[in-house]
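Data block below; observations after.
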Amino acid sequence: MSKYSQDVVRMLYEHQPEYISGQYIADQLNISRAAVKKVIDQLKLDGCDIESINHKGHLLKTLPDHWYSGIVNPIIEQRDLFDQIEVMSTVDSTQLKAKQALVGNHDTFLILSDEQTKGRGRFNRNWASSKGKGLWMSLVLRPDVPYAMIPKFNLFMALGIKDAIQQFSTDDVTIKWPNDIYIDGKKVCGFLTEMVANYDAIEAIICGIGINMNHQETDFDEEIRHRATSMRIHSEYDFNRYEFLDILIKEIEKRYNQFLKVPFEEIREEYIAATNMWQRPLRFTENNEQFIGEAIDIDHDGFLMVKDNQGQLRRLISADIEL
């Protein structure tokens, strides 16, 4: 890809739905019109739907299902959340990449990839992360908070992600405690939070987020088709992935600031109302022990209160839960 491709695609994107001339692009980048044409032709080969008309210019009609750093970076840089941004075509895992990037690095940053070849969710489960179908990213944040607050981080993040997806979904978006997002009884998003700490302080929180955006039902393996869904399946139109990313980061920033400044008690009722686990029998797995029970509350510390089928009250900080 030409070193000017990201700049050209950014200008085309920012000027939608207007045409911009090759001369204008050339002047902005201080390159020749021939070089501009070469970049435009390459973007078309990459899948960008660009209409080019003599004496009128170039119009970006649609983008392929691909992340361009030239568009991503200005979106993320509007916020104060990240010092660094890395946009990749493919990676084994954004979470692993984030851990590697922590070495000698004290910044906050975001890693976003079109594809993961070894994506993992909670309990080390495989997470299919095919190219162009979803949003696969990891955030590295550095909250100055005590260890006791970390379990509540997931609850704030879950509300932010839910609120962002809801703006593009015609059906209700709900949360399965603590960090799965559902639409119409099927999982659309999961996220994994890991903490890096030394003996006296938290160094970083790494939050890996996987959202099924553009999958059709047939894109899911048969074994998970009955329990997986995507945003597109529940949207009335083909949404713009960059608009969604913008809203997602905005909602995450809002909830992260809440996490830092207000007690969980202030959003507890909101979280309970968004949760999809009430008044039904559930299968729980905690520390390799399985039991059937009913979720009855979320306490003031964010723990799930469960009454098992023996009538015993259990207080869970983390568990695998089957709806």
Side-chain angles (χ1 to χ4, degrees), residues 1-22 24-26 28-29 31 33 35-53 56-79 82 85-91 94 110-116 119 128-138 161 164-165 167-169 188-189 209-216 219 230-252:
M1 182 176 288
S2 165
K3 68 177 183 177
Y4 297 108
S5 295
Q6 300 297 341
D7 295 314
V8 172
V9 78
R10 173 182 53 80
M11 282 189 278
L12 289 168
Y13 183 78
E14 290 175 349
H15 281 81
Q16 285 178 313
E18 300 173 353
Y19 289 85
I20 56 174
S21 70
Y24 172 82
I25 297 171
Q28 295 300 306
L29 298 179
I31 60 177
R33 289 189 62 180
V36 171
K37 183 180 184 305
K38 185 175 180 181
V39 173
I40 294 283
D41 289 344
Q42 183 58 55
L43 288 171
K44 290 177 180 179
L45 289 174
D46 290 341
C48 293
D49 183 3
I50 300 171
E51 185 173 84
S52 301
I53 299 178
K56 194 170 185 181
H58 308 281
L59 168 66
L60 178 62
K61 300 179 76 174
T62 58
L63 282 161
D65 289 328
H66 174 74
W67 295 116
Y68 286 97
S69 61
I71 305 174
V72 170
N73 288 5
I75 289 172
I76 305 302
E77 287 166 358
Q78 296 179 79
R79 314 291 169 195
F82 304 108
I85 307 156
E86 186 166 3
V87 181
M88 310 180 73
S89 175
T90 186
V91 68
T94 61
L110 176 147
I111 295 175
L112 176 67
S113 182
D114 280 315
E115 177 186 41
Q116 294 184 116
S129 313
S130 48
K131 182 168 288 190
K133 296 296 183 181
L135 183 147
W136 327 121
M137 71 180 184
S138 289
I161 297 168
I165 294 174
Q167 295 181 50
F168 294 81
S169 174
V188 68
C189 166
I209 301 172
I211 302 176
N212 299 330
M213 291 198 305
N214 295 316
H215 299 70
Q216 300 293 346
D219 290 321
S230 75
M231 292 174 58
R232 177 166 287 179
I233 291 172
H234 299 274
S235 179
E236 290 181 344
Y237 54 89
D238 291 342
F239 57 89
N240 182 313
R241 60 170 37 212
Y242 294 95
E243 289 179 7
F244 173 65
L245 178 65
D246 186 19
I247 289 171
L248 176 65
I249 297 300
K250 177 183 176 182
E251 294 294 341
I252 285 175

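Index from 1, following the sequence.
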Quiz item: Would a 4.5 Å heavy-atom cut-off, applied to side chains only, mark Asp49 and Leu60 as touching?
Solution: no
Self-check item: Listed once per pair and sorted, the salt bridge (Lys or Arg N to Asp or Glu O under 4.0 Å) pairs that draw on residues 67-79, sequence neighbours left out
Solution: Arg79-Asp246
Quiz item: Just by modelled atom types, is the Gly70 backbone N or O under 3.5 Å from a matching donor or acceptor in the Gln6 side chain?
Solution: yes
Practice problem: State, with a plain yes or no, whether a side-chain heavy atom of Val91 is found less than 4.5 Å away from one of Trp136. | Solution: no
Quiz prompt | Trace of the salt bridge (Lys or Arg N to Asp or Glu O under 4.0 Å) decision for Lys133 with Asp65 | solution = CA-CA 7 Å; Lys133 296 296 183 181; Asp65 289 328; over 6 Å; no
Quiz item: What about His15 and Tyr24, are their ring centers closer than 6.0 Å?
Solution: yes
Quiz item: Would you say Glu51's side chain and Leu59's backbone share a donor-acceptor pair under 3.5 angstrom?
Solution: no
Quiz item: Does Leu112 reach the side chain of Glu86, with side-chain heavy atoms less than 4.5 Å apart?
Solution: no
Quiz prompt | Criterion side-chain contact (heavy atoms from CB on, under 4.5 Å) on Ile76 and Leu245, from CA distance to verdict | solution = CA-CA 9 Å; Ile76 305 302; Leu245 178 65; 4.2 Å; yes
Quiz prompt | Shortest non-hydrogen contact from His215 toward Ser230 | solution = O-OG, 2.6 Å
Quiz item: What are the two closest non-hydrogen atoms of Ile75 and Tyr242, and how far apart are they?
Solution: CD1-O, 3.7 Å
Practice problem: For Gln216 and Ile233, work out which heavy atoms get closest and say how close. | Solution: C-CD1, 4.1 Å
Practice problem: State, yes or no, whether a side-chain contact exists between Arg241 and Met213 at a heavy-atom distance under 4.5 Å. | Solution: yes
Quiz item: Roughly how far apart are Tyr4 OH and Met11 CE, rounded to 0.5 Å?
Solution: 11.0 Å
Practice problem: To the nearest 0.5 Å, tell me how far Asn214 CG sits from Met231 CE. | Solution: 8.5 Å
Quiz prompt | Point-to-point distance, once rounded to the nearest 0.5 Å, from CG of Asn240 to OG1 of Thr62 | solution = 10.5 Å
Practice problem: Might you point out which heavy atoms bring Asp114 and His66 nearest each other, and give the distance in Å? | Solution: OD2-ND1, 2.8 Å
Practice problem: Would you please name every residue forming a salt bridge (charged side-chain N to carboxylate O under 4.0 Å, His left out) with Asp41, sequence neighbours left out? | Solution: Lys37
Quiz item: Hey, does Val39 have a side-chain heavy atom less than 4.5 Å from the side chain of Val9?
Solution: no
Quiz prompt | Nearest-0.5 Å distance, SG of residue Cys48 to OH of residue Tyr13 | solution = 12.0 Å
Quiz item: Are the side chains of Ile111 and Val87 in touch, meaning some heavy atoms are under 4.5 Å apart?
Solution: no
Quiz item: For Gln116 and Thr94, does a side-chain donor sit closer than 3.5 Å to a side-chain acceptor?
Solution: yes
Quiz item: Heavy atoms, side chains only, cut-off 4.5 Å: are Ile247 and Phe168 in contact?
Solution: yes
Practice problem: Hey, could you give me the SG/CD1 distance between Cys189 and Ile161, rounded to the nearest 0.5 Å? | Solution: 4.5 Å
Quiz item: Can you tell me how far NZ of Lys44 sits from OG of Ser52, rounded to the nearest 0.5 angstrom?
Solution: 3.0 Å
Quiz item: Going through the checks in order, is the side-chain contact (heavy atoms from CB on, under 4.5 Å) test met by Leu43 and Tyr68?
Solution: CA-CA 11 Å; Leu43 288 171; Tyr68 286 97; 4.2 Å; yes
Exercise. Would you indicate whether the side-chain heavy atoms of Arg10 and Pro74 approach each other to under 4.5 Å?
Key: yes
